[in-house]
Amino acid sequence: MARKKKNVDEMSFLDHLEDLRWLLVRSSAVIVLMAILVYFVSDYIFDTIIFGPTDPNFITYRFFCDVAHKLGVTGDICVTELPFVIQNTEMEGQVNIFIWTCITAGFILGFPYVLYEFWKFISPALYPKERKNAKAFVFFSSILFFLGVLFGYYVIVPMSVNFVATFSVSKVVKNEFNLESYIGMIKTAVIASGLFFELPIIIFFLTKIGLVSANFLRKYRKYSIVIVLIIAAIVTPPDVVSQITVAIPMLLIYEASIFIASLVEKNKLKNG
């Protein structure tokens, strides 16, 4: 028998815990379903998407090469060779990688539903007017996440691959990357970028509950710029074009978060 819906004020800690449990169950079920669908196109996922950045003709490499030529930038920005091989060194390595890659892709595809479940979980604590914004929340949060995923895949991943492939402490050392290490780098870059692009949404909620303010974000802006530039320097080759390409979107996301925090604060003052 289904549990009768209770008013949020009447719900105990265990009731909230039960709701959270079912949120995780439903979200996990959708992620697994998406992972099963990914299985049927796994050849394309691996051959074209995952191993795409290992090809010197990958779209990102060609784009930056064309931009460098148009700007008259000299140096080795054009990728002509990626001197490394990817190997599997564990008995069940490829099987495990296959399963977890499908699950990761399932999470990315199922992210809008996970957001919807999250919204349903927190909506009882919101005002009625705010509860009506469920569609807008899921839509804009999903768009930001997918933009972050694309940014991670088309910018962070190829630049990281190019950097580690061409970096060498000595000509004696040959690059033979482990399959798990390569896939792990891609998953980390893509998921981390997707979640980072959710920063404006996170700031919105933190400002609503009073944990963050626009002045706080402005105060630590200079530190965020330094951190972003350090990240850009780490994940990109040592050229200005690549570093700026990585840094600018991240700084724009931070500035958008400040703007959103300001709007929330003004709305609070307006409504008393």
Side-chain angles (χ1 to χ4, degrees), residues 7-9 11 16 19-20 23-24 26-27 30 107-156 188-233 235-236 243-272:
N7 185 283
V8 65
D9 296 326
M11 293 178 67
H16 287 295
D19 283 348
L20 179 61
L23 179 157
L24 295 175
R26 289 190 295 268
S27 298
V30 169
F107 170 76
I108 293 174
L109 294 176
F111 190 76
Y113 180 81
V114 175
L115 284 174
Y116 172 70
E117 286 290 340
F118 173 75
W119 180 267
K120 286 202 306 180
F121 181 72
I122 66 171
S123 61
L126 302 175
Y127 293 111
K129 182 180 179 181
E130 294 173 328
R131 296 175 193 170
K132 297 178 182 179
N133 297 327
K135 292 182 180 179
F137 167 77
V138 174
F139 175 77
F140 286 110
S141 297
S142 299
I143 291 296
L144 287 173
F145 178 75
F146 289 133
L147 285 175
V149 167
L150 292 175
F151 178 76
Y153 176 72
Y154 282 107
V155 179
I156 303 295
T188 300
V190 168
I191 298 297
S193 295
L195 295 179
F196 178 79
F197 271 56
E198 292 293 298
L199 184 61
I201 304 297
I202 296 172
I203 293 298
F204 172 82
F205 284 106
L206 292 179
T207 307
K208 290 284 290 185
I209 61 179
L211 292 180
V212 171
S213 67
N215 287 333
F216 174 85
L217 295 174
R218 292 190 187 102
K219 179 180 178 181
Y220 289 96
R221 177 192 276 127
K222 57 185 178 181
Y223 300 108
S224 68
I225 292 175
V226 173
I227 293 173
V228 166
L229 292 176
I230 291 174
I231 294 173
V235 302
T236 62
Q243 292 172 4
I244 291 177
T245 302
V246 171
I248 287 180
M250 298 175 73
L251 293 175
L252 289 177
I253 289 293
Y254 190 84
E255 292 299 322
S257 300
I258 296 177
F259 177 73
I260 288 174
S262 299
L263 289 180
V264 172
E265 290 173 344
K266 289 179 181 178
N267 190 50
K268 279 185 176 181
L269 293 174
K270 183 179 179 181
N271 296 330

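A quick note: this is a predicted structure, and the numbers were derived from the prediction, not measured.
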Taking it one step at a time, do Phe204 and Leu263 satisfy side-chain contact (heavy atoms from CB on, under 4.5 Å)? CA-CA 9 Å; Phe204 172 82; Leu263 289 180; over 6 Å; no
Rounded distance [0.5 Å steps], [atom1] in [X] versus [atom2] in [Y]:
X      : Y      : atom1 : atom2 : answer
Ile260 : Ile202 : CD1   : CD1   : 11.0 Å
Ile156 : Phe196 : CD1   : CZ    : 10.0 Å
Leu144 : Leu199 : CG    : CG    : 10.0 Å
Leu217 : Ser262 : CG    : OG    : 8.5 Å
Lys219 : Ser213 : NZ    : OG    : 9.5 Å
Phe146 : Ser193 : CZ    : OG    : 14.5 Å

What are the two closest heavy atoms between [X] and [Y], and how far apart are they?
X      : Y      : result
Leu115 : Val138 : CD1-O, 4.2 Å
Ile203 : Ala261 : CG2-CB, 3.9 Å
Ser141 : Phe111 : O-CE2, 4.4 Å
Ile253 : Pro200 : CG2-CD, 3.8 Å

side-chain contact (heavy atoms from CB on, under 4.5 Å) for Thr207 and Glu265? Distances and angles first, verdict last. CA-CA 7 Å; Thr207 307; Glu265 290 173 344; 3.9 Å; yes
Greater than 12 external heavy atoms within 6.0 Å of Tyr116's OH: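 Count not over threshold, so no.
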Is any side-chain heavy atom of Phe118 closer than 4.5 Å to a side-chain heavy atom of Tyr113? no
Is there side-chain contact between Leu211 and Phe205, with heavy atoms separated by less than 4.5 Å? no
Between Phe197 and Phe145, is the ring centre distance below 6.0 Å? no
Would you say the rings of Tyr254 and Phe259 are close, in the sense that their centroids are separated by under 6.0 Å?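 Not close enough - the centres of the two rings lie 6.0 Å or further apart.
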In Val226, Ile227, Ile225, the residue satisfying side chain to side chain contact (heavy atoms under 4.5 Å, CB included) with Leu229 is Ile225
Test item: Glu117 side-chain N/O and Arg26 main-chain N/O as donor-acceptor pair under 3.5 Å: no
Would Val155 and Leu150 count as a side-chain contact (heavy atoms from CB on, under 4.5 Å) if you check the C-alpha gap in whole Å, the side-chain angles of each, and the deciding distance to 0.1 Å? CA-CA 8 Å; Val155 179; Leu150 292 175; over 6 Å; no
Please lay out, stage by stage, how Ile108 and Val190 fare under the test side-chain contact (heavy atoms from CB on, under 4.5 Å). CA-CA 9 Å; Ile108 293 174; Val190 168; 3.9 Å; yes
